[in-house]
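For reference, the structure discussed in these notes is given below.
Scope of the values below: all heavy atoms of this structure, side chains included, with no hydrogens, waters or symmetry mates. Naming convention: chains lettered A, B, ... in sequence-line order (proteins, then strands); numbering from 1 in each chain.
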Protein chains: 2
Amino acid sequence: MVTTVVIQLKQISTRFSIAVHILSLVAVIPHECTGDFIAGSVNTNPVIIRRIMGMLKKAGLVEVRPGVGGASLRKRPEDITLLDVYRAVNVTDENQLFRFHEDPNVQCPVGRNIELVLRSELMEAQAAMEQRLAQTTLSQLTAKFQ
Amino acid sequence: MVTTVVIQLKQISTRFSIAVHILSLVAVIPHECTGDFIAGSVNTNPVIIRRIMGMLKKAGLVEVRPGVGGASLRKRPEDITLLDVYRAVNVTDENQLFRFHEDPNVQCPVGRNIELVLRSELMEAQAAMEQRLAQTTLSQLTAKFQ
DNA sequence: GATTGTTATAACTATAATGGTTACAACGGT
DNA sequence: ACCGTTGTAACCATTATAGTTATAACAATC
């Protein structure tokens, strides 16, 4: 018998897509956007929404009304980019998308040089992705809903 | 007392940087590149190296000599790009970097549309990163070692 | 043919992020 | 005071990662 084990890389968390979903809701339906209402649209637990809302709040993207309920944008939808949202919810070490194995052998000419040389290339790749994210605004997204 | 919990996004695995390290070694020191030797340069366990070598082999990038030991490139270093290596070791679901929360509420105009609209934007961002990775070859990297 | 060093792989571990859940305190109108 | 909401803490199951030990298969050499 042959068994195949598929190794899956951890992808970028659904937090990001949920955060965009949240902001879209607040933009399109500015009133009545309570955590429970949003959770109903996303189809998840309200606590998940509140957690992500907390990140968006900390990033200055939304304002939440405790007690009363509901949220509103702190920027115009045309001034919120996907990169803003990505940065708000994807808290990675030093904002690095790629990881490096630590402590390569400095006695080896390759081990000594690889990280510095590779790091600059990967920074470029990450920057390319982020620049593309920065080109899309929340208003561009919501304009595509009918 | 205030405690702060830093949530870290899973970044792209060190497999990728280790794989580039491995290929660089095979390119620069074509002989004597056994798993143990490579593991000594990367500074990790030989099994980690063999596992990644298996992925590189499956992707047609290297040829490994069982029994005898050692490996050699199956393409010229100028024909191996970082994207080739990335694809070889980062086996994600449908090659998607970004994840989506499943089953949004189709009763909601936002929940109904968000995925389709957002997905095309994120595909563009991922493509931008991959295109940048495709611009760097193994030979360009090794040329920067002294 | 036995020895030796290597590759291939299974099985296991510890760690950590994810996504979800329950529970409860704090808040702010009515 | 009540009620619905927000803000968190605590906990859980799942999963990928990175590493380890062990063992079988392999190929050259003695």
inquiry  = For Glu32(B), I'd like to know if atom CD has over 12 heavy atoms of other residues, nucleotides or ligands within 6.0 Å.
reply    =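 Buried by this count: over 12 neighbours within 6.0 Å.
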Closer than 4.0 Å, any side-chain N/O of [X] to the OP1 or OP2 of [N]?
| X | N | value |
| --- | --- | --- |
| Arg50(A) | dT8(D) | no |
| Thr34(A) | dG4(D) | no |
| Thr44(A) | dG19(C) | no |
| Thr14(A) | dG19(C) | yes |
| Ser13(A) | dA17(C) | no |
| Lys57(A) | dT6(D) | no |

key: Polar side-chain contact Arg99(B)-dG19(C) base: donor and acceptor under 3.5 Å   =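 Per atom types, no contact qualifies.
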Whole Å only: how far is the [atom1] atom of [X] from the [atom2] atom of [N]?
| X | N | atom1 | atom2 | answer |
| --- | --- | --- | --- | --- |
| Asp36(B) | dT7(C) | CG | C1' | 10 Å |
| Asp103(A) | dA18(D) | CG | P | 14 Å |
| Ile49(A) | dT5(D) | CD1 | P | 14 Å |
| Arg65(B) | dT7(C) | CZ | P | 9 Å |
| Glu32(A) | dT6(D) | CD | C1' | 18 Å |
| Glu63(B) | dT7(C) | CD | C1' | 14 Å |
| Ile48(B) | dA16(D) | CD1 | P | 16 Å |
| Ile18(A) | dG19(C) | CD1 | P | 7 Å |

When you measure from the side chain of [X], which nucleotide among [options] comes out closest?
| X | options | result |
| --- | --- | --- |
| Arg51(A) | dA10(D), dT7(C), dA18(D) | dA10(D) |
| Val68(B) | dA27(D), dG19(C), dT20(D) | dA27(D) |
| Val47(A) | dT17(D), dT21(C), dG28(C) | dT21(C) |

inquiry  = Quick check against the 3.5 Å criterion: does Asn105(B) have a side-chain atom that pairs as donor or acceptor with the backbone of Gly111(B)?
reply    =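 No: the side chain of Asn105(B) does not pair with the backbone of Gly111(B).
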message = Please verify the inter-ring angle class for Phe16(B) with Phe98(A); under 30° counts as parallel, over 60° as perpendicular, anything in between as tilted.
response = tilted
request  = State, yes or no, whether a side-chain contact exists between Ile48(A) and His101(B) at a heavy-atom distance under 4.5 Å.
outcome  =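 Sidechains of His101(B) and Ile48(A): no contact.
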key: Shared hydrophobic cluster, Leu141(B) / Leu83(B) (ILVMFWY, side-chain heavy atoms < 4.5 Å)   =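 Yes: a chain of side-chain contacts under 4.5 Å links Leu141(B) to Leu83(B).
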message = Heavy atoms only, 4.0 Å cut-off, all strands: where does Gly54(A) land among base, sugar-phosphate and nothing?
response = nothing
task = Using a 4.0 Å heavy-atom cut-off across all strands, classify Gly67(B) as base, sugar-phosphate, or nothing.
result = base
